[in-house]
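Report on the structure given below.
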Amino acid sequence: MKIIIGNACEVLEQMKHCVFLKSALQDTLVFFFMSHSEHLGHWSQGLKSAMQDPKVQVYKDEKAVVIKDKYPKARYHWLILPWDSISSLKSVTREHLGLLEHMHAVGQKMIQQCPAKESLEFRLGYHAIPSMSQLHLHVISQDFDSPALKTKKHWNSFTTEYFLNSEDVIEMVRSKGKVTVNDHASELLKLPLRCHLCKQQLSTIPQLKEHLKKHWTK
DNA sequence: GTTCTAGAAC
DNA sequence: GTTCTAGAAC
C-alpha cells in the first residue's frame, strides 16, 4: 500500500503520472486537503480543465492545444495553450522561445482556416495580467461583435497596451530572457472607452457597441 | 474568469 | 424610472 499526502494539485499530479498507482488505486489511501484557493475546480483553473476536454478542443498537436474561448469577445476568439503546465508569462524564459513561436504559428494557422479571414482583422497576444492560470495566447478577430463583451475591463484588455502582441512578447523573451509588464498595467483597464479603429471616445458600453457597427464592412 | 445586484448616472 | 456600471463573491 502506498500513501500520498499533499495538497490536491500535488496528489492529482502524482496520480496522473503514476501507472502503478492507477492499477493499485483500490489499495491506495489518498489524503489531501483541498484549500479553496488551490482547488482544481476553482474558476481560475478553468483553462486547465477545458484544454483537456476533447469536446472543446478545436486543434491539437504535440506541443499545444486550441480551444474556443468560452465567452468569446468577438466573432472569432481562440485560446492557444501549451500542454506543459506554464502558469503565466511570469514563468516564461528563453527555454520557452520555441514554444511561444509554435503557439504563434498555430494561431496563424487558425486564422488561415477561418472562413471570414478575408473580411476580418485578427490580433494575437497575451493579457498583461491574466485572470486564468495556464499560459494562453489569445487569437481574436477585431470586430469585437459579441454579447459576451460587456465591461470596460473586457474592452480595455483587448484594445489597450494591456494586450501584448505575441510578436512583441517573443522579441522581449529573445532579448531579455523574460517578460516584464508595465507596473501600471492594471490601470489601463480603467481608461475611457475608445474605438480601437478611429479612436473616438464613447461613454458607455452600449454606445461603444453601437459605434462599432459603423466599421463593419458587410 | 462570470454572476449578481446596489446604487450611480442619466 | 430606466440604464448602466462596478465591486463582492467565504
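Letters go in sequence order (proteins before strands), and every chain restarts at 1.
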Problem set entry | Salt-bridge present (A:E171, A:R174; N to O < 4.0 Å) |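 A:R174 and A:E171: salt-bridged.
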For this session: Answer yes when A:K55 and A:D53 have at least one side-chain N-carboxylate O distance shorter than 4.0 Å, and no when they do not.
Result: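 Answer for the salt bridge query: yes.
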Exercise. C:dC10 pairs with which nucleotide, Watson-Crick or G-U wobble, both distances below 3.5 Å?
Worked result: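 By the stated definition (distances under 3.5 Å), nothing pairs with C:dC10.
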Problem set entry | Watson-Crick or G-U counterpart of B:dG1, or none if no pair lies under 3.5 Å |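 No nucleotide pairs with B:dG1.
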[X] side chain, from C-beta outward: closest of [options]:
X	options	answer
A:Y71	B:dT3, C:dG7, C:dC4	B:dT3
A:K152	C:dT5, C:dA6, B:dG1	C:dA6
A:K190	C:dG7, C:dT5, B:dG1	C:dG7

Exercise. Side chain of A:D84, backbone of A:I86: donor and acceptor closer than 3.5 Å?
Worked result: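 No, A:D84 side chain to A:I86 backbone: no donor-acceptor pair under 3.5 Å.
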Check the distance between [N]'s [atom2] and [X]'s [atom1] and give it to me in whole angstrom.
X	N	atom1	atom2	result
A:L149	C:dT5	CG	C1'	14 Å
A:I140	B:dG1	CD1	P	11 Å
A:Y162	B:dG1	OH	C1'	11 Å
A:W43	C:dC10	CH2	P	14 Å
A:M132	B:dG1	CE	C1'	5 Å
A:K150	B:dG1	NZ	P	13 Å
A:K209	C:dT3	NZ	P	16 Å
A:N156	C:dT5	CG	C1'	14 Å

Tell me whether the side-chain N/O atoms of [X] come closer than 4.0 Å to OP1 or OP2 in [N].
X	N	result
A:K153	B:dG1	yes
A:K73	B:dT2	yes
A:H154	B:dT2	yes

Exercise. If you look at every strand shown and take non-hydrogen atoms under 4.0 Å, does A:I205 touch a base, only sugar-phosphate, or nothing?
Worked result: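 Touches sugar-phosphate only.
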Exercise. What nucleic acid atoms does A:P206 come within less than 4.0 Å of, heavy atoms only: base, sugar-phosphate, or nothing?
Worked result: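 The answer is sugar-phosphate, as A:P206 gets under 4.0 Å only of primed atoms, P, OP1 or OP2.
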Exercise. Do we see a donor-acceptor contact under 3.5 Å between the side chains of A:K48 and A:S85?
Worked result: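 Yes - a donor-acceptor pair under 3.5 Å links their side chains.
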Problem set entry | Distance-only polar pair, side chains of A:K109 and A:Q112, donor-acceptor under 3.5 Å |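 No donor-acceptor contact under 3.5 Å links the two side chains.
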